[in-house]
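Working notes, beginning with the structure itself.
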Amino acid sequence: MLGLNPAGEVDYPHHRGLFRYENENAYVGVDWKGAGAGESKLQQQVRGVFENLRCRLRPNCTPEQFAITEVVTANYIPFRSPNEASLHNPDATAAFALGLWTRIFQAWRPEFVVCYGKTPRLAMEQLLGSM
């Protein structure tokens with residue numbers, strides 16, 4: 001599952017260099033809104049995709065187990081911004097992301113990639129071909 005980049009208007013210096021979701025999936029059971037407000041609309045939509053896949057592939061697995069053991073979630077661009085238009089130095093950022101994912105796919109080739117957003121989809125088509 002590949003999105004564009006971490007959204008948000010606030011930089012979290014204490015998150016830098018950390019893999020925040022080693023023991024859970026960011027889309028399952030994580031409170032993005034804060035203060036117990038619940039899941040965002042995007043989280044609900046992605047959970048629906050996960051549930052559909054889980055029912056087809058691993059029906060005996062819990063949704064939480066499926067999300068952490070069977071799904072890799074990532075951002076195409078690892079830099080936070082409120083939206084794509086707000087990315088700092090977009091050409092350099094795009095080149096960095098393409099190079100990063102080229103190196104990742106030299107070491108690992110996923111069976112499926114589900115993208116949300118035009119930019120990650122076009123990049124994956126460029127790197128992996130149309131699947």
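Values in this document were obtained by computation on a predicted structure and should not be read as measured data.
- Note on F112 and L122: separate hydrophobic clusters, where clusters join Ile, Leu, Val, Met, Phe, Trp and Tyr whose side-chain heavy atoms are under 4.5 Å apart, directly or indirectly.
- The aromatic rings of Y27 and F50 sit perpendicular to each other, their planes meeting at more than 60°, with 30° as the lower class boundary.
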Point to revise | Criterion side-chain contact (heavy atoms from CB on, under 4.5 Å) on M124 and R121, from CA distance to verdict | key: CA-CA 5 Å; M124 292 304 105; R121 180 185 55 81; 5.9 Å; no
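- In this structure, Q43 contributes its side chain and A26 its backbone to a donor-acceptor pair below 3.5 Å.
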Practice item. Would you check, one step at a time, whether the test side-chain contact (heavy atoms from CB on, under 4.5 Å) holds for L4 with I77? Key: CA-CA 6 Å; L4 175 66; I77 296 171; 3.9 Å; yes
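- A heavy-atom distance below 4.5 Å is found between the side chains of E84 and T119.
- The two residues G117 and P120 have their closest heavy-atom pair at O-CD, 3.4 Å.
- One hydrophobic cluster, built from ILVMFWY side chains closer than 4.5 Å, holds both L100 and F79.
- With values rounded to the nearest 0.5 angstrom, N5 atom CG is found 5.0 Å from L87 atom CG.
- Between the side chain of R54 and the main chain of T62, no donor-acceptor pair closer than 3.5 Å is present.
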Point to revise | Pair L2-N75, side-chain contact (heavy atoms from CB on, under 4.5 Å): steps then yes or no | key: CA-CA 5 Å; L2 190 68; N75 290 295; 5.7 Å; no
**Study point:** Residues E51, R47; criterion salt bridge (Lys or Arg N to Asp or Glu O under 4.0 Å); working and verdict
**Key:** CA-CA 6 Å; E51 184 60 14; R47 266 186 83 100; over 6 Å; no
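- When atom types are taken as modelled, the side chain of W101 and the backbone of Y76 share a donor-acceptor pair closer than 3.5 angstrom.
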Practice item. Mind running side-chain contact (heavy atoms from CB on, under 4.5 Å) on R109 and L128 for me, showing each step along the way? Key: CA-CA 9 Å; R109 191 80 166 184; L128 301 172; 3.2 Å; yes
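- Taking all atoms of both residues into account, the shortest heavy-atom contact from F96 to P78 is CE2-CG, 3.8 Å.
- A donor-acceptor pair under 3.5 Å is absent between the side-chain atoms of S86 and the main chain of P82, judged by distance alone.
- The closest side-chain heavy-atom distance from R58 to E70 is below 4.5 Å.
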